[in-house]
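In what follows, a structure is listed as structure tokens, so that the remarks can point back to it.
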Amino acid sequence: MGGMEKHEVSKYIYIAAMGFVGAFMRIVVDALVPVTGFPVATFVVNIVACFCLEVVYSFVGRRLHFPKKLVSAMGVGLIGSFSTMSAFALDTVQFVQQGSYLLAGVNVSVTFVGCFLAAAAGRALSYYLARRRFERLLDRLRAHNPEPTQAQEQGR
């Protein structure tokens, strides 16, 4: 295939398809969130994206063992096209150009802290889900292989 393996091509198709979905979701958020003097839609999108990206990589990829190309497509395509660092930067620069230094500082501060906390929450949820999944697996194993009772032990 001219230097590209079939696997690589399908990975890019997954990324493009997920990118379409993520970009569409971004447009929907923009339409649903009212326009104010602060870029609320951009803030919400970036917070949600940081949370989801952590869940995708920490749980879906590592614990559910989804195929790597699908996890990559979800992270790069879906979440990458949904989130918007460029709009965040543009909004912040516009605040500075308008002399709204306080809004620029608030935008940077709440976005940075919010994204960090969202990613931490995504990681915490991932660990919680992984632990629950592991405990259910152990419960199923115990149900199929019950431990001997004391009476059974004494009979040996």
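All values derive from a computational prediction rather than experimental measurement.
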Side-chain heavy atoms of F82 within contact of V21, under 4.5 Å: no
Derivation and outcome, side chain to side chain contact (heavy atoms under 4.5 Å, CB included), residues K69 and S10: CA-CA 8 Å; K69 66 183 174 185; S10 66; 2.9 Å; yes
Closest contact, heavy atoms only, R123 versus S58: NE-OG, 3.7 Å
Separation between CD1 of I27 and CG of L32, rounded to the nearest 0.5 Å: 12.0 Å
hydrophobic_cluster_shared for V106 and V33, side chain cutoff 4.5 Å: yes
Basic-acidic side-chain contact under 4.0 Å: D139, R136: no
Any F66 side-chain heavy atom under 4.5 Å of V56 side chain: no
Straight-line distance of F88 CZ to F43 CZ, nearest 0.5 Å: 10.5 Å
D91 side chain near F38 side chain, heavy-atom distance below 4.5 Å: no
L64 reachable from M74 in the ILVMFWY side-chain graph, under 4.5 Å edges: yes
For the student: nearest non-hydrogen atoms of C115 and N46, plus distance: SG-O, 3.8 Å
Separation of Y57 OH from C52 SG (nearest 0.5 Å): 12.5 Å
Check: L78 main-chain N/O paired with S81 side-chain donor or acceptor under 3.5 Å: yes
hydrophobic_cluster_shared for V60 and I15, side chain cutoff 4.5 Å: yes
Option among R132, R133, R131 that satisfies the side-chain hydrogen bond (donor to acceptor under 3.5 Å, both in side chains) test with E135: R131
Within residues 92-104 or reaching into it, pairs that qualify as side-chain hydrogen bond (donor to acceptor under 3.5 Å, both in side chains) - sequence neighbours excluded: T92-N107
Cluster link M85 to V40, ILVMFWY, side chain under 4.5 Å: no
Atom of A119, atom of E54 and distance for their closest heavy-atom approach: O-CG, 3.3 Å
Over 12 foreign heavy atoms within 6.0 Å of OH, Y14: no
Shortest non-hydrogen separation from A41 to D30 and the atoms involved: CB-OD1, 3.3 Å
Student check: side-chain heavy atoms of P39 and F95 closer than 4.5 Å: yes
Any side-chain heavy-atom pair of M18 and I79 under 4.5 Å: no
Cluster overlap I47 with L90, hydrophobic side-chain contacts below 4.5 Å: no
Listed partners of T84 passing side-chain hydrogen bond (donor to acceptor under 3.5 Å, both in side chains), at least two apart: none
V45 backbone acceptor or donor facing R26 side chain under 3.5 Å: no
Check: S72 side chain, K68 main-chain N or O, donor-acceptor pair, under 3.5 Å: no
F20 and M25, any side-chain heavy atoms less than 4.5 Å apart: no
